[in-house]
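For reference, the structure discussed in these notes is given below.
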Amino acid sequence: MRLECGMSESGDSFQLFAGVCDACRATASKLEKSHILATYLRDVPRESLGIAVRFLAAQAFPPSSNRTLGVGGALVVESVRTVLNIDRTTLNHAFRAAGEIGEGISELWSLPGTNSLTLPLIQAGFDRIEAVGAQDAKRAVVIDLLRACSNREAVYLLKIILGDMRIGVSEGMVETAIAEAFESPLTEVRAARLLVGDLDAVAALAFERRLGEARFRPFNPLGYMLAQPTMTAAGAIDVLAKREAIAEDKYDGIRAQLHVRAGRVELFSRGSGTVTGSFPDIVQPLAKSDAAFVLDGEIVPMRIAADGAQITLPFSSLQKRLGRKTLTPRMLREAPCVYVAFDCLFDGADLLIDKPLRVRRERLAAIAAQHRSIVLGPQVPITNADALDAAFVAARNRRNEGLVIKQLDSLYTPGRRGDAWLKLKSHLPTLDVVVIGAERGHGKRRDVLSDVTFAVRRDDSDELVTLGKAYSGLTDVEIAALTERFTKETLEERGRYRIVRPSVVLEIAFDQITRSERHNSGYALRFPRIVRIREDKKPSDIDTLARVEQIYKSPDNLAVALDDAPPPDDVNQLSLFS
DNA sequence: GTTGTCTGCCCC
DNA sequence: ATTCTGC
DNA sequence: GCAGAATGGGCAGACAAC
């Protein structure tokens, strides 16, 4: 391997880091990327190793630290404009051509750089960006850093700030490289990461050949076990192949790990940050507990009737709490949340992930019995397809998405999507829509019109009203063909957006329909995806707004709360403050 | 003071 | 979240 | 089978425009 990085590179120079990234970018081979990274990591000074692995994964801070830069595209663009003293149009053009901001500045960057930036210096800059609150101050720090950057340094500085490397290296590749660099089995590196969380901690252990000593401790979130989707009950039964299993509801909430020990309580969401502050109704009743445990479960907005019956509220009511600075008693009353626990990962001093589910459930039941904000969901044994169907209907009646089916003898395998957990969701009907607008994508899709805006017809008229945008579901070949067609059928260009002649009919699947101001139909789709191009249909054959409204109001659309709700005062005596 | 828009940041 | 693609 | 890349809607908060 050859790295063009100048002569007097010390192991922690940022120029060297940029060179390594470029070398990875230049090859598609994962093995080669690993070699390049491993060679680099072996020579990075010990005190900079943590920063190196973090930056390679485009992380400015350890993910579990809950620290963020608070710098995004706009602020970066303004900083670049100041440093290069160029107009917005030129910049935008470069970004569009490159498909991203980071690589886009490369062709404009003429500064030689001071050849003095090191990994710790960049990290110190990030610390400062976080510490100074105001946007102006953040921008000043970014500008300072940029002025010291050479061309490639600037590119990768921006990529780290924006949190996206796009060189075929992410956390998984970095783990592979750590394993290779320090001659440890990849499985051991992965296992250690699940236990200790952040990459820098894993790298430190690997460096010292102490991966085997990685131990789980509460308040370091474990990885999450994921469920494999299945389309039908019969299919799920087949997969189970007579192994003992239970089904529980699949909730539309926030997957979270609840860590409790010695009066400290944290709720970790899947992004590894904490959402503790948003859910005092869950956390406060636990604050006096002297127990130590870690549970897996879901934060769910829920009404619990006096008889214990559970009705889940729409996800939007939960979302209103996130990121809020102050929560009013009224908000807590109108969208009460509970923690529906479904697994116990740690209890007392015992890590339980290598115990079968039936054992973990016993420990969970004992813990839940003692804490009123920890709720257990209904759980039924699954022996045949009929039992599964019945459970599914019951789950839907509780306003939940469907079921998760779990083998009782399975272990908790974080980060893997295996057969041990299966998810079975119901599906709303699909819609046939027509494309009326298209845009170029980013990155490798920068030259194709991959991003389409689609519409349905307002009833009894020819008017088309937009319902959403979609991108996924089409193959590269299909996108290429559509790009050609949209180019020919462009009616008008409005900046990056082009209005196209309504001609392409798509079948769109989605999870929910919500009311929305974003699109002029007054509705939007949650998780829209393209099922197929309906070559057999003409624009006159598409669905109407009335059809959208009909699906919106159907009982299967979980975005809408049931309106026969009891008054808020009667709700969740269990989980309200006393 | 109110309304509208942009931005970052979460979640799904 | 989902989906496709290359290894 | 895994990892990576590309993309959706929607929220609160900050700030600009009125």
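Since this is a predicted model, take the numbers as computed values, not measurements. Below, read A as the first sequence line, B as the second, and so on, with proteins coming before strands; counting in each chain starts at 1.
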Query raised in the report: Within less than 4.0 Å of OP1 or OP2 of D:dA3, is there a side-chain N or O belonging to A:T176?
Result: no

Report summary line: Closest of C:dT2, C:dC4, D:dA5 to the A:S170 side chain is D:dA5

Requested in this report: Check whether any side-chain N or O of A:S450 sits under 4.0 Å from OP1 or OP2 of D:dT7, and answer yes or no.
Outcome: yes

Requested in this report: Identify which nucleotide among B:dC12, C:dC4, D:dA3 has an atom closest to any side-chain atom of A:K30, counting heavy atoms from C-beta outward.
Outcome: D:dA3

Report task. State whether A:R321 places a side-chain N or O below 4.0 Å from either non-bridging phosphate oxygen (OP1 or OP2) of B:dC10. Result -> no

Query raised in the report: Are any of A:R255's side-chain N or O atoms less than 4.0 Å away from OP1 or OP2 of B:dC12?
Result: no

Requested in this report: Can you tell me the distance, in whole Å, between the CG atom of A:D252 and the P atom of D:dG10?
Outcome: 13 Å

**Report entry** Side chain of A:R529 - closest among B:dT7, D:dA6, C:dT3
**Finding:** C:dT3

Query raised in the report: To the side chain of A:I254, which of D:dA6, B:dC12, D:dG13 is closest?
Result: B:dC12

Query - Donor on one side chain, acceptor on other, A:Y224 and A:R255, under 3.5 Å - result: no

Query raised in the report: For D:dT7, does OP1 or OP2 lie under 4.0 Å from any side-chain N or O of A:H442?
Result: yes

Requested in this report: Using the six-membered ring of A:F510, assess whether NZ or CZ of A:R529 lies under 6.0 Å from its centre and within 45 degrees of the ring axis.
Outcome: no

Query - Nucleotide of C:dC4, B:dC12, D:dA5 approaching A:F315 most closely (side-chain heavy atoms) - result: B:dC12

Query - Phosphate-side-chain proximity, A:K320 and D:dC11, N/O vs OP1/OP2 below 4.0 Å - result: no

Requested in this report: Check every strand shown and say whether A:D476 touches a base, only sugar-phosphate, or nothing at a heavy-atom separation below 4.0 Å.
Outcome: sugar-phosphate

Query raised in the report: Closer to the 5' end of DNA chain C via nearest nucleotide, is it A:L474 or A:L226?
Result: A:L226

Query raised in the report: A:Q59 CD to B:dC9 P: how many Å, rounded?
Result: 15 Å

Report summary line: When rounded to whole Å, the CG to P distance for the pair A:L428 and D:dG9 reads 17 Å

Requested in this report: Provide, to the nearest angstrom, the distance between the CD atom belonging to A:Q512 and the P atom belonging to D:dG10.
Outcome: 10 Å

**Report entry** Pairwise C1' distance, D:dG9 and B:dC9 [rounded to whole Å]
**Finding:** 14 Å

Report task. Report yes or no: do A:Q59 and A:E171 form a side-chain donor-acceptor pair below 3.5 Å? Result -> yes

Requested in this report: Can you tell me the distance, in whole Å, between the OH atom of A:Y552 and the C1' atom of D:dG9?
Outcome: 14 Å

Requested in this report: Would you mind pulling out the nucleotide paired to D:dG8, Watson-Crick or G-U wobble, both distances under 3.5 Å?
Outcome: B:dC12

Query raised in the report: Are A:R396 and A:S426 linked by a side-chain donor-acceptor pair shorter than 3.5 Å?
Result: yes

Query raised in the report: Can we say A:R485 and A:E535 salt-bridge, meaning some charged N sits less than 4.0 Å from an Asp/Glu carboxylate O?
Result: yes

Query raised in the report: Looking at A:R526, does any N or O in its side chain come under 4.0 Å of the phosphate oxygens OP1/OP2 on D:dG9?
Result: no

**Report entry** OP1 or OP2 of D:dG9 under 4.0 Å from side-chain N/O of A:T514
**Finding:** no

Query - Separation of atom CZ in A:R518 from atom C1' in D:dT7, rounded to whole Å - result: 13 Å

Query raised in the report: Using a cut-off of less than 4.0 Å, is there contact between a side-chain N or O of A:K444 and OP1 or OP2 of D:dG4?
Result: no

Report task. Remember a base hit wins even if backbone is also touched, and classify A:L525 as base, sugar-phosphate or nothing at under 4.0 Å, heavy atoms. Result -> sugar-phosphate

Query raised in the report: Quick one: is D:dA6 close enough that its OP1 or OP2 comes under 4.0 Å of any side-chain N or O from A:R445?
Result: no

Query raised in the report: Does A:G473 or A:K250 map to a spot on DNA chain C nearer the 5' end, using the closest nucleotide for each?
Result: A:K250

Query raised in the report: Can you check the A:K425 NZ to B:dC12 P distance for me, whole Å?
Result: 12 Å

Requested in this report: Let me know, please, whether A:S316 or A:G441 comes out on the 5' side of the other along DNA chain D by nearest nucleotide.
Outcome: A:G441

Report task. Take A:R446 and A:R324, find for each the nucleotide of DNA chain D with the closest heavy atom, and name the residue whose nucleotide sits nearer the 5' end. Result -> A:R446

Query raised in the report: Across the strands shown, which category fits A:D164 at heavy-atom distances under 4.0 angstrom: base, sugar-phosphate, nothing?
Result: nothing

Requested in this report: For the residue pair A:S106 and A:R152, confirm or rule out a side-chain donor-acceptor distance under 3.5 Å.
Outcome: yes

Query raised in the report: Considering only heavy atoms from C-beta outward, does the side chain of A:L199 approach that of A:R54 to under 4.5 Å?
Result: no

Report summary line: Per atom distances to the A:H519 side chain, the nearest of D:dG9, D:dG10, D:dG13 is D:dG9

Query raised in the report: Across the strands shown, which category fits A:L318 at heavy-atom distances under 4.0 angstrom: base, sugar-phosphate, nothing?
Result: nothing

**Report entry** A:R190 side chain, from C-beta outward: closest of D:dA3, B:dC12, D:dC11
**Finding:** D:dA3

Query raised in the report: Across the strands shown, which category fits A:I167 at heavy-atom distances under 4.0 angstrom: base, sugar-phosphate, nothing?
Result: sugar-phosphate

Query raised in the report: Atom CG of A:L75 to atom C1' of B:dC9: distance rounded to whole Å?
Result: 14 Å

Query raised in the report: Is there a donor-acceptor pair closer than 3.5 Å between any side-chain N or O of A:K33 and the backbone N or O of A:I167?
Result: yes

